[in-house]
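Structure, as structure tokens:
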Amino acid sequence: METELKDLSPATQPPPPPPPQPPAPADKDDRPLLKPESDAEASAITPENLAELEKRFAAYVRRDAYGSMGRGELPLREKVLLGVAMATLVPVRVVAALAILVAYYLICRGCTLLKKPNREEEGEQEDYAHMGGWRRKVIVACGRVLSRAMLFVMGFYWINETSRGASCGPEDDGGKRQEEHERPGAIVSNHVSYVDILYHMSSSFPSFVAKRSVAKLPLVGLISKCLGCVYVQRESKSSDFKGVSGVITERVREAHQNKDAPMMMLFPEGTTTNGEYLLPFKTGAFLAKAPVLPVILNYPYQRFSPAWDSISGARHVLFLLCQFINHIEVTHLPVYHPSEQEKNDAKLYANNVRKLMAKEGHLILSDIGLAEKRVYHAALNGLICQC
């Protein structure tokens with residue numbers, strides 16, 4: 001058979017099709033969320049089936065006066081308020097926010113002067129969060145105060161915080177609640193906006209997960225190292241690289257066992273929602289088998305929703321700064337101590353914490369994720385291209 005194929009004339013034999021390319025790994029999918037993948041995709045959505053899409057992707061639908069992607073038709077009164085705010089309020093807030101950022105950078109620079117960052121053997125992570133003494137105290141104290149000042153500048157003048165009950169967890173064989181004085185290994189929170197990070201910095205100054213590129217940003221890079229951020233480097237496939245999950249597990253376990261170690265703050269949903277739903281949890285925060293502290297964030301609004309979803313970053317920041325007052329409500333749930341069964345099954349542990357947070361925060365459980373968000377955003381962008 002092979003000989004017969006070789007004898008065929010190239011003039012009559014069409015060129016072989018190119019070999020199919022293997023699909024890109026899911027963890028390398030860094031496509032912008034608000035860009036359509038093709039012209040065909042851009043023309044696939046019409047105003048008639050938009051309502052059906054919003055039912056399917058309800059967790060990502062903006063329901064404020066500004067509409068999807070912040071491009072809705074505004075009433076005249078809202079346009080006037082926007083114009084006044086852009087001319088008066090926004091410039092003042094931008095200058096104040098930059099002043100706070102620079103001031104904290106200088107504090108971090110001074111406290112880390114002549115100090116080497118803590119590095120892991122693999123060299124993938126480095127931070128100043130494990131630095132002790134007066135330097136660490138100054139960084140944490142100033143970070144919390146200036147983060148709250150930044151929230152104030154952005155219009156969050158008051159923060160309504162509530163706490164619910166005693167610690168959650170299993171009961172022992174005698175029917176008594178287990179001792180609940182252990183320090184949680186991580187704070188887990190629903191993810192609604194970039195404002196979430198500022199709140200948690202002002203409240204407990206924990207470490208976050210951030211892209212590796214954040215460490216190289218001017219001003220913010222040094223601040224992220226002082227926070228003790230765990231950097232994600234998705235391109236790294238070296239055999240000695242433990243992976244982000246392994247680093248997070250170690251940091252959560254360390255925070256649980258050592259009161260001087262920086263607390264980890266994780267958003268197990270992996271992406272933002274409109275604040276009304278709770279997506280499936282990833283297991284990274286629960287692999288260490290340590291207790292976690294659930295925190296629920298809510299942003300009541302009348303005109304513009306602080307939820308950062310289905311809208312570009314620049315447009316969202318601008319509209320947020322144009323609001324004279326923004327609101328945030330925080331619910332601190334008791335520390336959740338896993339049962340032996342949950343310790344042996346991270347998915348069960350994550351799902352039980354998720355159900356508790358949904359119940360206490362009056363959130364709707366949703367089974368969609370980042371892939372569905374990309375579909376919805378591409379459809380929205382395609383609809384705008386047709387207008």
Side-chain angles (χ1 to χ4, degrees), residues 32-34 50 53-72 74 78 82 85 93 147 150-151 153-161 187-203 208 265-281 294-331 354 357-358 360-381 384:
L33 292 179
L34 293 174
L50 180 60
L53 276 177
E54 290 183 344
K55 290 181 181 179
R56 289 174 54 195
F57 307 120
Y60 307 126
V61 178
R62 296 191 65 84
R63 307 184 191 280
D64 59 11
Y66 290 72
S68 297
M69 298 182 74
R71 296 175 180 269
L74 298 176
E78 189 67 26
L82 271 180
R93 284 180 167 175
S147 296
M150 185 73 80
L151 287 171
V153 167
M154 298 172 70
F156 295 93
Y157 306 125
W158 303 277
I159 298 179
N160 183 11
E161 299 186 78
I187 302 169
V188 293
S189 172
N190 61 319
H191 200 8
V192 183
S193 174
Y194 48 82
V195 180
D196 303 348
I197 297 175
L198 284 174
Y199 166 74
H200 287 294
M201 286 179 64
S202 69
S203 175
F208 297 88
M265 166 68 236
L266 296 165
F267 300 108
E269 294 171 286
T271 188
T272 56
T273 68
N274 59 14
E276 301 173 9
Y277 291 78
L278 202 60
L279 305 181
F281 279 8
V295 177
I296 304 168
L297 303 179
N298 181 41
Y299 296 87
Y301 65 90
Q302 293 182 345
R303 297 159 50 218
F304 180 76
S305 170
W308 185 30
D309 215 320
S310 304
I311 185 173
S312 67
R315 185 179 292 268
H316 188 274
V317 171
L318 177 61
F319 288 161
L320 184 70
L321 294 179
C322 284
Q323 307 307 305
F324 294 95
I325 299 176
N326 291 300
H327 303 276
I328 180 173
E329 295 177 350
V330 184
T331 302
R354 176 177 177 243
M357 293 177 63
E360 296 294 334
H362 306 290
L363 302 173
I364 303 171
L365 293 175
S366 174
D367 293 329
I368 61 178
L370 185 58
E372 289 81 3
K373 172 182 275 194
R374 293 187 185 280
V375 173
Y376 178 59
H377 284 184
L380 286 179
N381 201 72
I384 289 176

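Along the sequence shown, residues carry numbers from 1. On a predicted model such as this, the values are computed, not experimentally measured, just so you know.
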Sub-4.5 Å side-chain heavy-atom contact between [X] and [Y]:
X      : Y      : answer
Ile328 : Asn298 : no
Ile159 : Leu151 : yes
Val295 : Val330 : yes
Phe304 : Leu82  : no
Glu269 : Phe281 : yes

Looking at [atom1] of [X] and [atom2] of [Y], how far apart are the two atoms once the value is rounded to the nearest 0.5 Å?
X      : Y      : atom1 : atom2 : answer
Ile364 : Asn274 : CD1   : CG    : 8.5 Å
Met150 : Ser202 : CE    : OG    : 11.5 Å
Ser193 : Leu198 : OG    : CG    : 8.5 Å
Asn326 : Arg303 : CG    : CZ    : 9.5 Å
Glu54  : Phe57  : CD    : CZ    : 11.0 Å
Thr271 : Trp308 : OG1   : CH2   : 9.0 Å

Looking at every non-hydrogen atom in both residues, tell me the closest pair between [X] and [Y] and how far apart they are.
X      : Y      : answer
Tyr277 : Ala59  : CD1-CA, 3.5 Å
Pro268 : Leu266 : CD-O, 3.2 Å
Arg93  : Gly155 : NH2-CA, 3.4 Å
Pro280 : Ser366 : CD-O, 3.0 Å

- Task: For the pair Tyr60 and His377, name the ring-plane relationship: parallel under 30°, tilted 30 to 60°, perpendicular over 60°.
- Result: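 Ring orientation, 0 to 90° scale: perpendicular.
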- Message: Can you tell me how the ring of Phe319 sits relative to the ring of Tyr66, calling it parallel under 30°, perpendicular over 60° and tilted otherwise?
- Response: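 Plane angle between 30° and 60°, so tilted.
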- Query: What's the verdict on side chain to side chain contact (heavy atoms under 4.5 Å, CB included) for Leu297 and Ser189, showing C-alpha distance, side-chain angles and the deciding distance?
  - Reply: CA-CA 7 Å; Leu297 303 179; Ser189 172; 3.7 Å; yes
Is the side chain of [X] donor-acceptor paired with the backbone N or O of [Y] at a distance under 3.5 Å, no angle test?
X      : Y      : result
Glu372 : Gly369 : yes
Asp196 : Tyr199 : no
Arg354 : Leu278 : yes
Arg62  : Ser310 : no
His316 : Ala307 : yes

- Query: For Tyr157 and His327, what are the C-alpha separation, side-chain angles and deciding distance, and is it a ring pair (Phe, Tyr, Trp, His ring centres under 6.0 Å)?
  - Reply: CA-CA 8 Å; Tyr157 306 125; His327 303 276; 8.9 Å; no
- Run the side chain to side chain contact (heavy atoms under 4.5 Å, CB included) check on Met357 and Leu363 step by step: do they pass? CA-CA 8 Å; Met357 293 177 63; Leu363 302 173; 5.5 Å; no
- Task: Give the C-alpha distance, both sets of side-chain angles, the deciding distance and a yes or no for side chain to side chain contact (heavy atoms under 4.5 Å, CB included) between Arg56 and Tyr376.
- Result: CA-CA 9 Å; Arg56 289 174 54 195; Tyr376 178 59; over 6 Å; no
- Message: Between Arg315 and Arg71, is the side chain to side chain contact (heavy atoms under 4.5 Å, CB included) condition met? List the steps.
- Response: CA-CA 9 Å; Arg315 185 179 292 268; Arg71 296 175 180 269; 3.6 Å; yes
- Message: Testing Ile197, Thr272, Val192 one by one against Phe267 for a side-chain contact (heavy atoms from CB on, under 4.5 Å), which residue passes?
- Response: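 Output: one option passes, namely Ile197.
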- Task: Run through Leu279, Thr273, Asp309 and flag the one making a side-chain contact (heavy atoms from CB on, under 4.5 Å) with Lys373.
- Result: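 For Lys373, the side-chain contact (heavy atoms from CB on, under 4.5 Å) test succeeds with only one of Leu279, Thr273, Asp309, which is Asp309.
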- Cation over ring face, Arg63 and Tyr301, 6.0 Å, 45°: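 No, a cation-pi geometry is absent between Arg63 and Tyr301.
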